[in-house]
Amino acid sequence: MTVEPTTESTNFIREAIEEDLQTGRFTYVQTRFPPEPNGYLHIGHAKALCIDFGMAEAFGGVCNLRYDDTNPVKEDVEFVDAIQEDIQWLGFKWGEQGPLYASDYFEQVYQMALQLIVKGKAYVDDLSADQIREYRGTLTEPGRESPFRNRSIEENLDLFRRMRAGEFEEGSRVLRAKIDMASSNINMRDPTMYRILKTPHHRTGSEWPIYPMYDFAHGQSDSVEGVTHSLCDLAYEDHRPLYEWFLEELGLFKTRQIEFARLNMTYTILSKRFLKQLVDGAYVSGWDDPRMPTLCGMRRRGYPAKAVRRFIDTIGVAKKENLIEIELLEHLVRDELNLSAKRVLGVLDPVKVIITNYPEGQVEEMEAINNPEDPSAGNRKVPFSREIFIDAEDFREEPPPKYFRLAPGREVRLRYGYIIRCIDFVKDPVSGNITEIHCTYDPETKGGYAPDGRKVQGTIHWVSAHHALDAEIRIYDHLFTEPNPNKVEEGKSFLDHLNPEALKVLHGCKVEPSLAFTQPGETFQFERKGFFCADLDSTAGHLVFNQTVSLRDGWAKIEQKK
RNA sequence: UGGGGCAUGGUGCAAUGGCAGCACACCAGACUUUGGAUCUGUGGAUCUUGGUUCGAAUCCAGGUGCCCCAGCCA
């Protein structure tokens, strides 16, 4: 069934924005999507994307793309380019000013720091990182004030300017907000505003030896851009009072922050840090490995952008911790592809069938439907001949009950072909594998129709041995074996739950000749098997297909029950 | 034994004092030249205790459980 995205459904964020408009707190709506360019976007970011861009669009506002690039140690241009590509793939358009950067505001933010120093609300601290941690106290005990907390404004100004001038070593000093070391909210215990970092920045080069912390840049960046609603992860709930304190002290426009629960998905890990570990440790082939939950991985896998968008719309938005079943995403991927994917015949695990009463050298062009869900997709010809390949699992020497496929003495229909009957087979005495199947065909059943009205339960796919193209097919399964790979026992890591069978590469698969000039990214349904798309690695001389998602398999279910 | 947040079928989201509904999953069946798709149907939920009310998932009070916070990361 096809369901339109339920973009009209309400949620607590939409209601809050409506209220802000009604009460006059804001007269317009503006949001932002603020990624740090330190990794590739994943399905969790798609949720944030849909909320940030979706809310702006719903209220006729703009959503800016703004990189939170305040830590040059972890960031890289590779990521800023990739992030833009992924956002566009999902179909979102950021504000007309183009991509923005927190680093655009470094000078402004520096001036803000100076302002706070002058107000006596910030000070340079010479304590080491370890000492600062000690002085911070614990969750249940208040912290202690730094001995440097009460330096004069002049000294603070001088020291901070010299930090900016690059006079001090990394780690030797920081600038801190002077708030309340006894606050029950640890974020208010004189948080660090600036640290010394001599690493060059991907945009500002070596201009700055100091960089603002995210907490001292994010809120003001929102404010400077006129962002009305800053929609973010629950993790920042505790930071909201700090952002509000900065805006208040600085006398800036007050953005409203609203937090929502991030996405979690079964059999998946959605932490940039862990995903980076998979890439750096070569557990996967890269950020765009089709097993990865990254947007580029899903794109390469063949997931339609629309399926990803519908998925996010379907799961909704709330503040409750959640673990979404990956089956929902897979359902939506099938639902989209079912309508659009061209049907073709492909044999993954070929076994030769010889039709003994079919004339040698004869070839017939059989009429095949391209997409039963879309009559406008038209028909195509598929060559039929005396020797064909079928999938090994479509033949059983001893068929179990309800097995409707080929078996000794039994009839089966070749899709768009003929009805054939198995009269013999050859078995390798060593391996026990079936190496050849002999059948006869009924010449009266061309196209698969039985003029006598006889019932043939099974229909299987096939390709003409002579005309078939070789292909490599990559079959994917969930990357992890545990529904929640984040939950790990003592002494173990998420890596212990990696699924060793998440990728199976099949060589020597046989596909119909119409696939000869397939372009990377083209999607198909291999009938009875699943949806596939030509991989980036695919060429005319060496076809490579990714299994996007398998078809629902009723027979597998019947077998499982036994 | 600090602070912040969250509790509705298996999963996720609705119901905003008035018959607890939708999607996925699950189960049964129909149809079928894809054991796909489609169609029909079944089962199953308000954390707990008390209170307010004609009436509570919703309001109030207490309890319980789960998540987040002690980076010079974001």
Side-chain angles (χ1 to χ4, degrees), chain A residues 1 3 6 9-11 15 34-36 38 68-71 73-75 125 127-129 132-134 136-143 170-176 183-189 191-197 210-211 213-215 217-218 233-241 259 261 266 272-273 314-325 327-332 334-335 338-339 343 345 369 372-373 402-405 413-417 419 445 447-450 456-461 483 525-531 550-558:
Chain A
M1 189 174 59
V3 181
T6 54
S9 68
T10 190
N11 60 54
E15 285 170 6
E36 185 191 14
N38 67 343
D68 271 329
D69 53 352
T70 53
N71 185 358
V73 177
K74 295 186 174 178
E75 296 155 9
D125 195 345
L127 252 28
S128 71
I132 287 181
R133 188 178 316 119
E134 271 180 54
R136 188 153 31 226
T138 68
L139 294 177
T140 52
E141 299 158 22
E170 279 191 18
S172 60
R173 284 176 230 265
V174 292
L175 183 72
R176 291 229 256 170
S183 174
S184 53
N185 181 347
I186 292 194
N187 295 299
M188 301 299 270
R189 316 236 267 228
T192 302
M193 294 161 59
Y194 268 91
R195 74 288 216 194
I196 299 170
L197 246 33
I210 56 171
Y211 292 91
M213 297 290 288
Y214 171 89
D215 279 351
H218 188 84
D233 195 294
L234 249 26
Y236 297 100
E237 212 151 18
D238 288 346
H239 296 242
R240 182 165 14 99
E259 310 85 6
T266 55
K272 257 197 261 183
R273 205 180 109 234
T314 304
I315 61 176
V317 190
K319 298 190 75 159
K320 191 174 69 167
E321 286 293 328
N322 59 76
L323 183 61
I324 311 284
E325 292 172 332
E327 286 80 2
L328 175 60
L329 211 209
E330 292 170 344
H331 161 78
L332 264 1
R334 286 192 190 98
D335 196 52
N338 180 47
L339 300 176
R343 271 60 169 176
L345 267 22
I369 297 167
E373 304 294 328
K402 293 199 176 164
Y403 184 82
F404 299 148
R405 312 174 192 181
R413 174 170 30 240
L414 296 176
R415 172 138 247 224
Y416 304 128
I419 294 172
T445 59
Y449 301 98
V456 178
Q457 281 267 39
T459 300
I460 63 173
H461 57 281
Q525 183 193 104
F526 288 3
E527 293 212 27
R528 302 209 311 131
K529 299 308 295 183
F531 293 100
S550 68
L551 246 30
R552 281 185 61 204
D553 190 345
W555 170 243
K557 257 181 209 168
I558 293 171

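Naming: A, B, ... by sequence-line order, numbering from 1 per chain. Atom set for the values below is all heavy atoms of this structure, side chains included, hydrogens, waters and symmetry mates excluded.
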Review point. With sugar-phosphate meaning primed atoms plus P, OP1 and OP2, does A/V456 contact a base, only sugar-phosphate, or nothing at under 4.0 Å between heavy atoms?
Key: nothing
Review point. When all nucleic acid strands are considered with a 4.0 Å heavy-atom cut-off, which category describes A/F531: base, sugar-phosphate, or nothing?
Key: nothing
Review point. At under 4.0 Å, does any side-chain N or O of A/K557 touch on OP1 or OP2 of B/rC26?
Key: yes
Point to revise | Side chain A/N187, main chain A/D238, donor-acceptor under 3.5 Å | key: yes
Review point. Is the shortest side-chain N to carboxylate O distance from A/K272 to A/E36 below 4.0 Å?
Key: no
Point to revise | Nearest-0.5 Å distance that lies between atom CD1 in A/I460 and atom CZ in A/R405 | key: 8.5 Å
Practice item. Answer with base, sugar-phosphate or nothing: what part of the nucleic acid does A/Y449 contact at a heavy-atom distance below 4.0 Å? Key: base
Study note, to complete from the structure: Between A/D553 and A/N11, the residue closer to the 5' end of RNA chain B by nearest nucleotide is A/N11
Check your understanding: Which ranges of RNA chain B pair up as stems, where a stem means three or more consecutive Watson-Crick or G-U pairs with both distances under 3.5 Å?
Key -> B:2-7 with B:64-69, B:10-13 with B:21-24, B:27-30 with B:38-41, B:47-51 with B:59-63
Check your understanding: Along nucleotides 68-74 of chain B, 5' to 3', which nucleotides get a B, which get an S, and which get a -, given that the test is a protein heavy-atom distance under 4.0 Å?
Key -> BBBSBSB
Review point. Is A/L551 touching bases, backbone alone, or none of the nucleic acid, heavy atoms closer than 4.0 Å?
Key: base
Exercise for review: With heavy atoms under 4.0 Å as the rule, sort A/G554 into base, sugar-phosphate or nothing.
Suggested key: sugar-phosphate
Review point. Of all residues at least two apart in sequence or in a different chain, which pass the side chain to side chain contact (heavy atoms under 4.5 Å, CB included) check with A/T138?
Key: A/T140, A/E141
Point to revise | Phosphate OP1/OP2 of B/rU34: any A/H461 side-chain N/O under 4.0 Å | key: no
Review point. What is the nucleic acid contact for A/R240, judged by heavy atoms within less than 4.0 Å: base, sugar-phosphate only, or nothing?
Key: nothing
Practice item. Compare side-chain N and O positions of A/K320 against OP1 and OP2 of B/rU8 and report whether any pair is under 4.0 Å apart. Key: yes
Review point. Is A/L551 close to A/F531 at the side-chain level, that is, under 4.5 Å between some pair of heavy atoms?
Key: yes
Point to revise | Distance-only donor-acceptor test (3.5 Å): side chain A/E325, base B/rG10 | key: yes
Check your understanding: Got a salt bridge between A/E170 and A/R195, using NZ or NE/NH1/NH2 to carboxylate O under 4.0 Å?
Key -> no
Check your understanding: Between A/Y449 and A/Y416, is the gap from one ring center to the other below 6.0 Å?
Key -> no
Practice item. Indicate whether OP1 or OP2 belonging to B/rA37 is found under 4.0 Å from a side-chain N or O atom of A/R334. Key: no
Practice item. Give a yes or no answer on whether the side chain of A/R343 reaches the backbone of A/I369 with a donor-acceptor pair at less than 3.5 Å. Key: no
Point to revise | Under 3.5 Å donor-acceptor pair, A/E327 side-chain atoms to B/rU11 base atoms | key: no
Review point. Contact class for A/N338 vs. all strands (heavy atom < 4.0 Å): base, sugar-phosphate, or nothing?
Key: base
Check your understanding: Looking at the angle O4'-C1'-N9-C4 for a purine or O4'-C1'-N1-C2 for a pyrimidine, is B/rG71 syn or anti, with syn meaning within 90° of 0?
Key -> syn
Review point. With a non-hydrogen cut-off below 4.0 angstrom, is A/R552 in contact with a base, only sugar-phosphate, or nothing?
Key: sugar-phosphate
Practice item. Taking the six-membered ring for Trp and the single ring otherwise, decide whether the centroids of A/W555 and A/F404 are under 6.0 Å apart. Key: no
